[in-house]
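The structure appears below as structure tokens.
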Amino acid sequence: MIRILMGQIKQYRRVSILTPVFTALEVLMEVLIPFVTAAIIDKGIEAGDMGQIYFYGIIMLVMAFLSLAFGALAGKYAAEASSGFACNLREAMYENIQTFSFSNIDKFSTAGLVTRMTTDVTNMQNAYQMCLRIAVRAPLMFICSMFMCLFINAQLSLIFLVAIVFLGIALFLIMGGATKIFTQVFRKYDDLNASVQENVSAIRVVKAFVREAFENEKFAKAADSLYRLSVKAEGRLALNNPVMMLVIHSCMIALSWFGAQFIVVGSLTTGELTSMFSYVMSMLMSLMMLSMVFVMITMSAASGRRIVEVLTEKADLTNPEHPVEVVPDGSIDFNHVSFSYKHGSGEETLHDIDIHIPSGETVGIIGGTGCGKSSLVNLISRLYDVTEGQVMVGGRDVREYDMEALRDQVAVVLQKNVLFSGTILDNLRWGKEDATLEECEEVCRQACADEFIERFPDKYDTWIEQGGTNVSGGQKQRLCIARALLKKPKVLILDDSTSAVDTATDAKIRAAFAKKIPGTTKIIIAQRISSVKDADRILVLDDGQVSAFDTHENLLKTNAIYQEIYETQQKGGGDFDQAVPEA
């Protein structure tokens, strides 16, 4: 794990090395200042020598300025290194997520990925900065201060050793309990983020069903659970300060008592005792800093493991060694295809699908909810790989193609339409980056999107809010269809993507397809028979298997499922997968 995380330091190695170097120089100056202070008292003040006071005063002033300069440089480089490290972590995770297949993404919740790229990376950033500065500063300060104390008076230094052992044991017990709780705290962040994300993305549904109170209660539970764990952990850490103060004051009292006796007998000077007061404070504060470093590292270790999970996740779908770059035509063949989302689970979503679609044909797909319609078309653009059998496009197995080349020629308008913040033109050009305005206007006419775009004051420069919240469902669907048409694909898949469009507009779109893109293979998944009845053939799926694959007329004569769907919709009984109401 450490090797993978440290691999993201990259271009920030230099500043990562300079930070502890300047931190060490800063510590050296701070350690020497009390030693010079002792010289001022003993050789200047008590001896009444102003020359010595000026001499050592100037030395102390120079050391103070050097300490300030070294500290400022160490802080600057630490901030640069830690921020750069965090930036690289986020970029590396985001880049790897872009390679994930749908099955990879299914392993991580959206809230979990967001937490990893925000809270967890911030924890790693803070821990790295502490390691560069405090994890270097505290041990050096402790060792140097202890050495100076031993150098001044070894007998008096035994007080510090007893205090350090006591403080070390106390901090270990406090930290041990707190770090276990902090590990649980980060798991609660996922629950909290999931609650926020779900509520915000579905805010219209929440308000439509007047469920604000319920959502508030659900969020309050997640927030309260996080609050209780955080208070419990911070409550343990709060013991640090009183224990530290107890040890410091005890040391001061003991040092004053025994130090005074050493001064009386002449084995210790006043200046040396003063400097020892400074060194004991430095040692004890170093221990406190080390305890906080220990907590931060323990907390960040949990975050680090979560980040590494994303960084080391390998995409299930990869290009072959010598991929095919050109898709010759839009012919599609399913050769005894079976598919399961969880390989080896025995639960097949699709079973023994064996159909063949020539290039340029229009195929409708219809069936009950959960019968595998979307799963079937996802295999064509290789969003998932088959469990058994073979899916072929243009006469080649989809696993032989370069995935980018394949998906460029298989345009999919998914069931859940997504628009991004930007203008209408920006969204359309996802289909073709260098598309001209004329090309965009042409595909919008084919998708019947020009009808509403022309009514907007800014027309194609109209701003689309994030998620397309300022356009209707039908308008969003038509824009997504136009975006797919702009790719000029050899295969066009519409996954229930005209469900929010009225039947007249639906018919216009299908008529435009037949006229404008006759050579493109068109696969239309629909809930309405009116959307697929004019297709060359219609595939009827039932529980992941082919029930029938024929023309509208023949299916009405031979297929009971299709007959029931038709009769239900003709009688106005509702969606096809609902039972026909009794007379």
Side-chain angles (χ1 to χ4, degrees), residues 18-79 132-161 163-164 244-245 247-290:
L18 287 175
T19 300
V21 169
F22 282 112
T23 299
L25 291 172
E26 179 190 15
V27 169
L28 179 63
M29 293 299 104
E30 289 183 8
V31 168
L32 290 176
I33 285 175
F35 193 74
V36 176
T37 302
I40 290 175
I41 294 172
D42 294 336
K43 297 180 180 179
I45 296 174
E46 292 194 349
D49 190 340
M50 289 300 298
Q52 291 292 316
I53 292 174
Y54 290 137
F55 175 72
Y56 286 110
I58 292 171
I59 292 176
M60 180 184 289
L61 192 62
V62 171
M63 286 182 174
F65 275 113
L66 285 174
S67 177
L68 178 64
F70 293 147
L73 287 171
K76 174 181 178 295
Y77 290 136
L132 289 179
R133 290 212 69 190
I134 299 177
V136 173
R137 177 186 175 83
L140 277 177
M141 180 64 77
F142 180 83
I143 293 169
C144 292
S145 296
M146 177 58 73
F147 174 80
M148 294 302 290
C149 285
L150 291 171
F151 176 77
I152 293 171
N153 192 299
Q155 288 178 300
L156 207 55
S157 298
L158 293 176
I159 296 172
F160 310 144
L161 292 177
I164 288 165
M244 176 65 73
M245 289 301 101
V247 172
I248 288 174
H249 292 142
S250 299
C251 281
M252 290 301 180
I253 293 170
L255 190 60
S256 300
W257 176 263
F258 291 107
Q261 296 183 31
F262 278 100
I263 290 174
V264 170
V265 298
S267 59
L268 187 72
T269 66
T270 305
E272 289 173 337
L273 180 59
T274 303
S275 63
M276 289 192 78
F277 277 120
S278 298
Y279 289 131
V280 70
M281 286 294 294
S282 296
M283 281 190 290
L284 296 176
M285 291 308 296
S286 296
L287 278 179
M288 175 64 87
M289 286 191 288
L290 281 175

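A quick note: this is a predicted structure, and the numbers were derived from the prediction, not measured.
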So Leu25 and Leu66, do their side chains get closer than 4.5 Å, heavy atoms only? no

Side-chain contact test, heavy atoms from C-beta onward, threshold under 4.5 Å: evaluate it for Gln52 versus Ile40 and give yes or no. no

Working note: Val31 + Met141, criterion side-chain contact (heavy atoms from CB on, under 4.5 Å); need CA distance, chi angles, decisive distance, verdict. CA-CA 7 Å; Val31 168; Met141 180 64 77; 3.8 Å; yes

If you round to the nearest 0.5 Å, how far is [atom2] of [Y] from [atom1] of [X]?
{"X": "Leu73", "Y": "Glu26", "atom1": "CG", "atom2": "CD", "value": "10.0 Å"}
{"X": "Ile59", "Y": "Thr37", "atom1": "CD1", "atom2": "OG1", "value": "11.5 Å"}
{"X": "Lys43", "Y": "Phe55", "atom1": "NZ", "atom2": "CZ", "value": "9.0 Å"}

Donor-acceptor pair, distance only, cut-off 3.5 Å: does the side chain of Ser67 make one with the backbone of Met63? no

Check [X] against [Y] and note the closest heavy-atom contact, atom names and distance.
{"X": "Arg137", "Y": "Glu30", "result": "NH2-OE1, 2.6 Å"}
{"X": "Thr19", "Y": "Ala78", "result": "OG1-N, 3.2 Å"}
{"X": "Tyr77", "Y": "Phe22", "result": "CE1-CE1, 3.6 Å"}
{"X": "Thr23", "Y": "Arg133", "result": "CG2-O, 3.6 Å"}
{"X": "Tyr56", "Y": "Val36", "result": "O-CG1, 3.4 Å"}
{"X": "Val136", "Y": "Pro20", "result": "CG2-CB, 3.7 Å"}

